[in-house]
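Remarks on the structure that follows.
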Amino acid sequence: MVYITEWDKFVEQTIELFRADPDSTRYVMKYRHCDGKLVLKVTDNRQCLKYKTDQAQEAKKMEKLNNMFFALMARGPDVDLSEVTGKEQMDAQPSKKGRGRKQ
């Protein structure tokens, strides 16, 4: 079990690991409040990839990784992840203008 220090490498290797064997790949998130550390672990019982952080700014990155794994698990390992990641998803949401109280 080796900790990967670069986020982009971790995401790339975890997606490759899932696509190689989607039936036995697991994704675990563990947060220790007393230390303020979050550990992400992806394993397929042969290879284990881990990423550790104590930075609160990386919460959005982890949310994006969760969305990628949800898409891979729901749609299959051959899904195009470009439609899940990035601004495309946020731009598609309608604005909430005009829902407030009129003055």
Side-chain angles (χ1 to χ4, degrees):
M1 290 187 289
V2 176
Y3 285 100
I4 298 174
T5 56
E6 294 179 32
W7 176 256
D8 294 329
K9 278 186 176 180
F10 177 73
V11 170
E12 182 181 313
Q13 290 180 8
T14 56
I15 290 173
E16 287 176 15
L17 187 68
F18 182 83
R19 285 187 168 154
D21 192 6
D23 291 333
S24 65
T25 303
R26 296 186 308 279
Y27 172 58
V28 179
M29 193 180 322
K30 180 176 163 185
Y31 178 71
R32 288 182 45 100
H33 181 70
C34 61
D35 297 335
K37 295 197 189 281
L38 180 71
V39 177
L40 302 172
K41 178 172 118 174
V42 179
T43 183
D44 67 349
N45 293 333
R46 288 180 300 250
Q47 185 179 6
C48 183
L49 305 169
K50 292 176 100 174
Y51 180 80
K52 178 170 49 174
T53 185
D54 58 356
Q55 301 297 316
Q57 296 91 354
E58 294 189 346
K60 284 288 183 188
K61 292 179 183 179
M62 291 168 212
E63 183 179 347
K64 191 184 291 188
L65 181 66
N66 276 338
N67 290 339
M68 283 191 265
F69 269 104
F70 289 151
L72 286 167
M73 291 176 190
R75 299 180 195 167
D78 298 326
V79 69
D80 181 21
L81 291 176
S82 64
E83 56 190 48
V84 176
T85 60
K87 291 183 176 181
E88 297 89 9
Q89 194 175 28
M90 291 186 172
D91 292 342
Q93 294 177 352
S95 65
K96 294 183 179 179
K97 268 188 172 178
R99 291 191 170 194
R101 187 173 69 171
K102 291 185 180 180
Q103 295 181 357

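The first residue in the sequence is number 1, and the count goes up from there. Keep in mind that this is a model prediction, so the values were computed, not measured.
- Between L49 and T43, the closest side-chain pair of non-hydrogen atoms is not below 4.5 Å.
- Taken from NZ in K9 to CD in E12, the straight-line distance is 9.0 Å, to the nearest 0.5 Å.
- Between atom OH of residue Y3 and atom OG1 of residue T53 there is a gap of 12.0 Å, rounded to the nearest 0.5 Å.
- Linking ILVMFWY side-chain heavy atoms closer than 4.5 Å, directly or via other members, places V28 and M62 in two distinct hydrophobic clusters.
- Annotation: the span from M68 atom CE to M73 atom CE amounts to 12.0 Å, rounded to 0.5 Å.
- F10 contributes atom CZ, which lies 5.0 Å from atom CG of L40 (distance to the nearest 0.5 angstrom).
- At least one side-chain heavy atom of T25 sits less than 4.5 Å from a side-chain heavy atom of V42.
- Ring pair F18/F69 is perpendicular by interplanar angle, where above 60° counts as perpendicular and below 30° as parallel.
- Contact of the W7 side chain with the L65 side chain is registered, since non-hydrogen atoms from C-beta on lie closer than 4.5 Å.
- Rounded to the nearest 0.5 Å, atoms OG1 (T5) and NZ (K50) are 15.0 Å apart.
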Intermediate values then yes/no, side chain to side chain contact (heavy atoms under 4.5 Å, CB included), N66 and M29: CA-CA 10 Å; N66 276 338; M29 193 180 322; 3.5 Å; yes
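- Residues Y51 and V39 fail the side-chain proximity criterion, which asks for heavy atoms closer than 4.5 Å.
- A distance of 10.5 Å separates NZ in K52 from NZ in K30, rounded to the nearest 0.5 Å.
- For the pair D44 (side chain) and R46 (backbone), a donor-acceptor distance under 3.5 Å is present.
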